[in-house]
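Each remark here refers to the structure printed beneath this line.
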Amino acid sequence: MSGIADILMIAATLAAAVYCHVLARRLRAFTNLESGVGGAVATLARQVDDLQRALSAARVAGDQSAQRLDAANRKAEESARRIELLLAAMHDLPDTPRAAKPAAKAPAKPRNRKVATPVPALPPAELPTFLRPKPEVSV
């Protein structure tokens with residue numbers, strides 16, 4: 001009986017030794033810096049650093065774009081104020097056109113040159129509203 005117990009004890013010890021050896025190999029592969037979890041953690045750390053650099057670069061570019069947009073917006077508002085002032089000044093002009101000045105003698109046309117054809121004027125309906133002639137009101 002004692003011999004059978006010894007044989008079973010030796011078999012259990014050998015099984016435990018093989019199990020420990022397998023676990024040690026798995027743990028070594030798990031903590032390997034190149035292919036295991038350690039490698040994955042190192043890769044993720046590098047990616048986080050890259051993403052932080054990209055985020056800070058995007059933040060700087062966004063701030064610069066916002067500053068340029070703000071400057072363009074201020075310039076547009078100033079131009080709109082000037083246009084409003086010019087339009088208000090145009091309302092103060094008289095509605096009747098001034099008398100035409102007598103035409104000076106036309107200069108002689110040079111010979112053998114092609115003359116540009118004049119651009120036809122747009123009908124008043126196609127002009128922008130601020131360029132259309134005002135209708136004369138008879139009282």
Side-chain angles (χ1 to χ4, degrees):
M1 211 25 134
S2 143
I4 295 175
D6 289 338
I7 292 174
L8 286 176
M9 190 67 86
I10 291 172
T13 304
L14 286 174
V18 169
Y19 182 69
C20 286
H21 180 66
V22 169
L23 283 179
R25 224 177 5 170
R26 284 186 181 177
L27 185 60
R28 224 176 290 123
F30 188 70
T31 58
N32 186 0
L33 289 178
E34 293 175 4
S35 63
V37 172
V41 169
T43 303
L44 288 174
R46 273 181 277 159
Q47 288 177 347
V48 166
D49 290 339
D50 292 341
L51 286 175
Q52 285 177 341
R53 276 190 242 114
L55 180 63
S56 64
R59 189 173 290 140
V60 167
D63 290 343
Q64 289 173 351
S65 295
Q67 289 172 353
R68 282 188 300 221
L69 184 62
D70 189 41
N73 193 17
R74 275 189 257 120
K75 189 175 179 180
E77 287 175 357
E78 180 62 31
S79 297
R81 280 192 216 108
R82 285 182 186 169
I83 290 173
E84 288 173 357
L85 184 62
L86 287 173
L87 285 175
M90 285 183 67
H91 289 297
D92 295 341
L93 294 176
D95 289 340
T96 59
R98 294 183 183 169
K101 293 182 182 178
K105 187 176 178 183
K109 293 183 180 178
R111 295 182 188 177
N112 298 330
R113 289 195 177 177
K114 292 184 180 178
V115 178
T117 58
V119 178
L122 292 175
E126 293 181 16
L127 289 174
T129 55
F130 66 90
L131 290 178
R132 290 183 188 161
K134 293 183 180 179
E136 295 189 22
V137 179
S138 51
V139 180

Going from CG on Leu44 to CD on Gln47, what distance comes out if it is rounded to the nearest 0.5 angstrom?
-> 5.5 Å

What residues, two or more places apart in sequence or in another chain, satisfy side-chain hydrogen bond (donor to acceptor under 3.5 Å, both in side chains) together with Ser2?
-> none

Selection residues 5-21 - residue pairs positive for salt bridge (Lys or Arg N to Asp or Glu O under 4.0 Å), sequence neighbours left out = none

Starting at CG of Leu87, measure out to CD of Glu84 and round the result to the nearest 0.5 Å.
-> 8.0 Å

Honestly curious: do Leu55 and Val60 fall in one hydrophobic cluster under the side-chain, below-4.5 Å linking rule?
-> no

Quick one: which residue pairs count as a side-chain hydrogen bond (donor to acceptor under 3.5 Å, both in side chains) with a foot in residues 50-61, not counting sequence neighbours?
-> Asp50-Arg53

Name every donor-acceptor pair, under 3.5 Å, that has one atom in a side chain of residues 9-24 and the other anywhere in the protein, sequence neighbours excluded.
unit_1	atom_1	unit_2	atom_2	d
Thr13	OG1	Met9	O	2.8

Can you list the residues that meet the side-chain hydrogen bond (donor to acceptor under 3.5 Å, both in side chains) rule with Asp63, with sequence neighbours excluded?
-> none

Set of side-chain hydrogen bond (donor to acceptor under 3.5 Å, both in side chains) partners for Arg68, sequence neighbours left out = Ser65

Should Asp70 and Gln67 count as side-chain neighbours, where that means a heavy-atom distance under 4.5 Å?
-> no

Ion pair Arg74/Glu78, N-O distance below 4.0 Å | no

